[in-house]
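See structure below.
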Amino acid sequence: MEVDTSSATAKSGGAPPLPPPGPPAKKKRALPGMPDPDAEVIALSPKTLMATNRFVCEICNKGFQRDQNLQLHRRGHNLPWKLRQRSGKEVRKRVYVCPEPSCVHHDASRALGDLTGIKKHFCRKHGEKKWKCDKCSKKYAVQSDWKAHAKTCGSREYRCDCGTLFSRRDSFITHRAFCDALAEESAKARAPPAEDGSSGAAAPPALPPPPAAPVPLQQLPPAPAPQQHEEPEREIGAAAPEPVVQYTPPAPLMPSPPSVNGANVSASTSSVAATSQSLLGSMFAPSSVAQAPQYPERALAAKPPSLCLATDAASAQFSAPAADRQQQQLPPPSPSPSAHMSATALLQKAAQMGATSSSSSFLRGLGLDISSSSPASTSSGQHHHHHHQQHHQEAMQMQFPEGSLQQWPPRLEPEPAPMMSAGLGLGLPYDSTGGPMGLPELMMGQSSLFSAKPATLDFLGLGMSPTGATTSRGLPVFMQPMGGAVGMARSGTGPPDTFGAGRGAQGKPWERNPSSSPIL
Amino acid sequence: MMQFTHAAVTAPPLYPNGHHGLGLGLFLDVGAPRARPWPAAGSLFPTLPPSSKISLGNLNSAGCMEQLLVHCANAIEANDATLTQQILWVLNNIAPADGDSNQRLTAAFLCALVARASRTGACKAVTAAVAAAVESAALHVHRFTAVELASFVDLTPWHRFGYMAANHAILEAVEGFSVVHVVDLSTTHCMQMPTLIDMLASRAEGPPILRLTVADVGCSGPPPALDMSYDELGAKLVNFARSRNVTMDFRMVPTSPADALTSLVDQLRVQQLVSDGTEALIVNCHMLLHTVPDETAGSVSLTQSVSLRTMLLKSIRTLDPTLVVVAEEDADFTAGDVVGRLRAAFNFLWIPYDAVDTFLPKGSEQRRWYEAEVGWKVENVLAQEGVDRVERQEDRARWGQRMRGAGFRAVAFGEEAAGEIRTMLNEHAAGWGMKREDDDLMLTWKGHNVVFASAWAPS
């Protein structure tokens, strides 16, 4: 079962001596358990099997899995190339066994008939499944499997004529009511309901694309060929179990309307908002805030009608790149941690050292100038910070056992909560003497940005000039209490369940069974 | 020029060196029940804090952020520009809008507070420019196409839960009726109707004649915003109903929650006069009733004792409906002071932020729409007053009181509804759950109440 039916074609074509042009595609495909007794049994190491593109072209960096293919490629660059010569007589069929001793394909009698097949088998069965479907969280070891799945995930149940797939009936119904496909369909309501054939169940054997055999040698980079072969096949297979009859299009040739399903929309968005900017930072650059989300479906609407002759194929073409891009999007834009870290670190450093930092470096630390925080102060601040955090974590870990697990569901009574408020020291914005005595001074210290130098003072960028009245205590006063908060938590002054309640959610699964959850 | 107003009599006393005082700041938390644990953002492993937590240290806890927000709100209320600015600065540094769910939540509140500061008191000058930027961002609420919205409401069970519960209750209630008049009072632009039509279409006794009356509250209503006129929307629904062999009549009535949907109720009353009494009247209230001003809303030209909200429910009662379904968020945003609302909202709206982490990648467009919608809510709750503040949620108990007070009795949901909702929830993240409370159904996230659905018949 692990034999990839498509991969053999490229391979055989790639073999330089060009075995007889007729049968190459089929010939090498040996079913497991029925090896050619004359075949040469190859046992490759796991490392070899997992290796990808070990042979790289020095000109264009294109990678190849096999040296022979690289040599063929090099000819395109007019580089010296050499192909192994083999006399036609000696061409022996090769079969491949799996290096995993416990695997059925470890036995030569169950060897797989081609190299790609064994590679995929090894990867699927014995490799790490690092490709995860966003929708159903299924994991795949082979990227092409993952891609194929992603195209059809959720398609088991409902498919609108527009190509959008639904796993639940009510989602489908809701979509259906508002989708243009319905309007078009009812416009052509007279058409006979000949949908069973059109939904594609009949197609599979009829449509396999022509094997790669007759292709000239230069065109034989092995990777793309099986890919192309594979996709239509899977697509057809996936369309087959379509249970919805009443909504399928009366005429298969109807151009499919632009699909606006979620995947497409999110995948085709241009760029995400300026996420790495901090809030205030972006406020000051309104242009970046007001970035207009574009209408991606407009782009999709440009889908040429000719592509829609077979809706499946069209959607395949569109969803494949979409999946790719989605994959690339997955790692979210990194939120420029350095800026925030340095800001926090600076705060804490200032807390300890009494706000000695100069106003300019301070400003940078605030993330107002994200790109250029002063390295010296940043790093030292971080040192302190990590130290700090460590304590914090210790405290939390110590408290978990008592607090967290038995705390579910959380008690509803008011928590004493002296910790945070006390710790923040924010309960003191006002001076009983009536003097202006707020956080500002508390945070800013003697060098206060807000009193002396208007240019730097104006961190909000609003051109307002602060009064000189606001100098007195500084950041240290503000910050120390935070240390105090941790200290309190650590020393157990606060009841353990303050943290426990805060973290209790992890102790126990909720009412649902976790297996149904993609991510949680 | 910035002002300092120190007239704030409610200002807490100063404790110098306060970090040594255990009691410091206690007063801030009095009366603030902490009803929920705060799960680490998306993490089931408390001992492995996300990296952002490491970098932000002890500042990055929900409690801390809530405290800072409360202080910021207090400073704004006290017209203390400098203090406001300072706390905004701190918040901005600990709560990047692209951080974890705590931070994103806080960033939304921060935005809302800036907006509030720009509208009230002496801070106005300070934050006006900032607020302009915020507003231009806030104004940019996505306008959904109908198809987009259809998939959007399925991202979480937030709406679908109410839809399902209501549909089942309605289906039971209209049994035997050959004409069903559904009045859809919803903020989600008829997204519930296709499934209701579908259910009615397949009921055992055959589909009824369906009349659908929809309240069109205009484009100023709460999000989601629809990029389509109700006429078009209605045409699509009628077409869909026809495809399901349901004869449907669609009518849209422009109306406003700010005057208790008077125009709509009046129309219904006129229709009632001419109807022969054989049709079932269903009033389906989905997340819209809370936008009708309650007792705490100012500038209502009524006697003080009766709010528009009460008035609306009573006038609905006079229509003698077969069934009224109410689906609302189980939260109370009606506190008169901004701090009270801030706490209430902070302790409810973490849920959408927490939940979204489980199914949409950061930076995805749908996530931005989703979070913008929550952000709109936060802004409305915190920064708006009077009739502009339309997010006036009340909790389930309060709605129950109101309904009973208006002359309704609760109708329990059947097992079928509960079962189907459970099945639906199983297809979402594991945090979602459902429980029964009295006769109502309650959607929960990690055990916390989110949305309730209740059904009412004239008593």
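Each chain gets a letter, A, B and so on, in the order its sequence line appears, and its residues count up from 1. Just the heavy atoms: all of them, side chains too, but no hydrogens, waters or symmetry mates, feed the values below.
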How long is the gap from [atom1] on [X] to [atom2] on [Y], to the nearest 0.5 Å?
X	Y	atom1	atom2	result
A:H175	B:L149	NE2	CG	13.0 Å
A:R168	B:H428	CZ	NE2	4.5 Å
B:M199	A:D170	CE	CG	10.0 Å

### Query
Just by distance, with hydrogens left out, do B:D154 and A:S171 show a side-chain donor and acceptor under 3.5 Å apart?
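Result is yes, a qualifying pair exists.
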### Task
Say whether B:R160 and A:T174, considering side chains only, have a donor N or O and an acceptor N or O under 3.5 Å apart.
yes
### Message
Quick check: closest heavy atoms across B:N239 and A:S186, and the distance to 0.1 Å?
### Response
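Nearest heavy atoms, B:N239 then A:S186: ND2-OG, 3.0 Å.
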## Note on the structure
Correct closest heavy-atom pair for B:C190 and A:F178 would be O-CZ, 3.9 Å
### Task
Could you tell me whether A:R176 and B:D198 have a side-chain N and a carboxylate O separated by less than 4.0 Å?
no
### Message
What part of B:M164 gets within 4.5 angstrom of chain A, counting heavy atoms only: side chain, backbone, both, or neither?
### Response
side chain
